[in-house]
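Here the structure is laid out as C-alpha cells; the discussion comes afterwards.
Per chain, numbering begins at 1; letters A, B, ... match sequence-line order.
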2 protein chains.
Amino acid sequence: MVSSKDVATQAGVSQATVSRVLNHPDRVQEKTRRKVEAAIEALKYVPNAHARSLVQDTTKLITLLSGPLYNPFFVETTSAIVTYANERGYQVNVQFVQDDELAEAYATAIQTKMAGMILSCVFLEDAIFEQLTHMSIPFITYNRKHARNEYFVEIDNVQAGYLAAKHLQDLGHTRIAFIGGSQKVSTFRDRFIGVQQALGELPQELIIHDTASKAEVFKAHAKLKTLSAPPTAIVCGADSIALEVMDVAYKERIQIPEELSIIGIDNVERSRHGAIELTTVGSISERNLGLVAIQELIKMIESEKKPCIQITESVKVFRRSTTQPC
Amino acid sequence: MVSSKDVATQAGVSQATVSRVLNHPDRVQEKTRRKVEAAIEALKYVPNAHARSLVQDTTKLITLLSGPLYNPFFVETTSAIVTYANERGYQVNVQFVQDDELAEAYATAIQTKMAGMILSCVFLEDAIFEQLTHMSIPFITYNRKHARNEYFVEIDNVQAGYLAAKHLQDLGHTRIAFIGGSQKVSTFRDRFIGVQQALGELPQELIIHDTASKAEVFKAHAKLKTLSAPPTAIVCGADSIALEVMDVAYKERIQIPEELSIIGIDNVERSRHGAIELTTVGSISERNLGLVAIQELIKMIESEKKPCIQITESVKVFRRSTTQPC
DNA sequence: TTGTGAAATGTATACGTATTCATTTGCGTA
DNA sequence: TACGCAAATGAATACGTATACATTTCACAA
C-alpha cells in the first residue's frame, strides 16, 4: 500500500505537506502543490480512510439497518437512502435484518466508527434502544419507531389503518379481515388501532397478526377462505402483504376485486403497476420516507444541534383496481 | 470514546492484555480474563474497527457496486450478497450506480480499505477495468462482464437470447421486436446476438437499444405501436424491461398475451407473481447470481489463491402466461 | 543591508489497536 | 530451598493520517 509518506518522498517534501495538499490546498504553494499532485498521480496514491477517521475521530460512513428487500417498501427506501447519502459524500454500510436479529446486527455495526445510523427494524419495546440512545452518534428511525423514540419519520399509521378500513366500509363491505405483522411493531400496532377505530372490535377469526413471510400469508389466506363466512374484503397491514395475498388469490383463480377486495398501506411504487393496480393508503406528499429520514440524519450529523425530530406524514387513499363495492 | 487503554486502566492490566483477551483468549489467565471482561462490560467498550484494520492491514469490509434497485434483478442479488456477507462476518458498503457513474463510485469506494469488491455495472470496454485489475484486492463481476474479465459470474446470455427468440418463433410469431439496453454492456450485447442467431437479421425498426429508464421503455413501446406492421411479440433484454413494457401495455388496455406476447430474461422472483406470470429465460439452477458471486469472492479473500473464476450458468425457458401462439 | 512579519514547510505527536520483544510470575524439580 | 523453564504480562512500536508547533523562507520596508 502506498502511503502519504511515499508520496512525500517522491515529491521531495514532508508528509505533512502532502496532507495539506489534500486538505488545505490553499495553504501550500502552487509549485509545491503541483509536485505533490504529480507524485500522487504517478504512485496512484489514495488516502486511507481508516487512518483518517482514526485521527480525526470522524468518518463519512452511515449505517443502515433496513428491513428485508422482499418488502418493496424497503427497496424504495434503501435505494433513496443510499443514493442520497452517496451524493452527499457518505458511504453506506447496509444490513438487512429480520425482526429478531436487530441485536446482533447492531453489535457488529457499532464496531465501525460511523457518523450516524438509520434504522427501521426496531420493536416498540426494544432492549437495544437504550444502547442506541447512549451512543454518542445520531440515529433516526423511519417507518417504525420505539416507544420512547425522539427521532423518527413515519406516516400517520393510525389514520392509514382508519382510512383503509373506512374505504372498504364505504364500499359496503361488512365482513372485513385484517392481515398484519407483529403487534410489537409500532407500524402494525397503529394501523390495527386505526382499523378498529373505523370498524369497532373485529371478530377474532378475521384478525391475523404476525404474518411476516410469504408462507404465512399463504396460511393466513387459507384460513380465511375456509371460514363459514369468509371475508369479502381484506385490509393488509402493508403493501408487501397485499401483494402476496394477491399472488395467492390469483393463483387460486379468485377474482380481484369481484370476489375479494384488497387494500394495502404504504403506496409502494409497485402497487401502481398496470398488472397490479393495488388500492392502498400512503403519504399525501408521496415523499420517500427513507429519503426524508436520511436528509434529517445528515442534517443532524452536520449541524451538531439535535432538536427532537418527529415527522408524521399525513395520508390518503390511492384508489386503484383492487377494491369495489361489495 | 472508550478505548482499550481505558479498559486496561479499569482492569488494572496493560493495554496489550486487553487486546489479547479479545484476540487470543487462551493466552491469558482465566482470572485476568475475567477482570478484563468485567471492565469491558462496565465501560461498554467496543473495539475500533478502523484502528484494527489500520494496524492489521486487513478488514472485514466488502464493497458492492450494484445496478439500481428499480431493476428487480438487483434487488435479489443485493439482498443475497449483503445477507451472505453479513453471515460470514463482513460488512458491506453498498452503492447503486447508474451506467455512467462507475468511475466516480469507484474513486470514492477505494478510499476505504476493503477486503474485496463485487460489481455488476461494468461496460464491456470500461476504462476503469485497468485500475480494478491493478488493485491488490480481489474483485469479481456478476451479471455483466468486461471484455478481459478474469473473474465473473453470469448466465449464458447468448443462449438466453436465442431461447427467448426461439420460443416466440416456435409459437408462430414472425414480427418479433427486441428491446434492450446499451450494446456496450456484455449482457445486452450477448442476448441480442442470441436473438439474431435464432431470427437472423432483424429489421431495423424492430430493434430498440439503449433503453435504460421507464420513460424510455414508454417511448420504445410507443414507437413500435405506430409501426405500419407492429410486432406481435417482443423479446425484452431483461425482465425489468419486460415488466415495464407490461405496465405500459396494461395501461393502454393492450391484452397480453392475446394482442402481444412478451418474454423477458433473468427469471426474477417477481415474474412469478400471480398478477404477472411473465414468461422468461433464466438459470436452470435458479441459483441467485449474486449469491454465487459473493461466495466466490469470499473464497478468494480467505484462501488467497486466486485461480481464474468464470462461471456461466446454463439457461432454459420458464413458460408462464405472457406468451401464446400468434 | 538588515529587520520584520507572514507565508510556507518541516518536525513531532496523537489517534486505537495488534504484535514483537523484554520482563516478570509461577510452577515443578533437583 | 534454589534453579530453570514455560507461561503470563508489560513496554514499546508500527500502521497512515491530520494538526499543533517549530522552523525556514521570502518579500518588503526601513
Would you give a per-nucleotide map of nucleotides 15-21 of chain C, 5' to 3', where B means the base has a protein non-hydrogen atom under 4.0 Å away, S means only the sugar-phosphate does, and - means neither?
-> BBBBBB-
Would you say the side chain of A:Asn93 lies within less than 4.5 Å of the side chain of A:Gln91, judging by non-hydrogen atoms?
-> no
Report, as yes or no, whether the 6.0 Å neighbourhood of atom CZ on A:Arg148 holds more than 12 heavy atoms from other residues, nucleotides or ligands.
-> yes
Show which side-chain atoms of residues 8-18 of chain B pair as donor or acceptor with protein atoms under 3.5 Å away, not counting sequence neighbours.
{"from": "B:Thr9", "atom 1": "OG1", "to": "B:Lys5", "atom 2": "O", "distance (Å)": "2.9"}
{"from": "B:Ser14", "atom 1": "OG", "to": "B:Ala16", "atom 2": "N", "distance (Å)": "3.4"}
{"from": "B:Ser14", "atom 1": "OG", "to": "B:Thr17", "atom 2": "N", "distance (Å)": "3.4"}
{"from": "B:Ser14", "atom 1": "OG", "to": "B:Thr17", "atom 2": "OG1", "distance (Å)": "3.3"}
{"from": "B:Gln15", "atom 1": "NE2", "to": "B:Ser4", "atom 2": "OG", "distance (Å)": "3.4"}

Measure the distance from NE2 on A:His50 to C1' on D:dA18 and round it to the nearest whole Å.
-> 17 Å
With respect to B:Lys145, which candidate in B:Glu154, B:Glu150, B:Glu125 satisfies the salt bridge (charged side-chain N to carboxylate O under 4.0 Å, His left out) definition?
-> B:Glu154
To the nearest angstrom, the CD-P distance between B:Gln29 and C:dT25 comes to 12 Å
Got a second to check how far B:Glu104's CD is from B:Ile128's CD1, nearest 0.5 Å?
-> 10.0 Å
Residues B:Glu37, B:Arg34: salt bridge by 4.0 Å N-O rule | no
Name every residue in residues 31-44 of chain B that has at least one heavy atom under 4.0 Å from any atom of DNA chain D, in order of residue number, or write none if there are no such residues.
-> B:Thr32
A:Asp126 bridged to A:Lys184 by N-O distance under 4.0 Å | no
Anything under 30° is parallel, anything over 60° is perpendicular, the rest tilted; go ahead and classify B:Phe139 against B:Phe129.
-> perpendicular
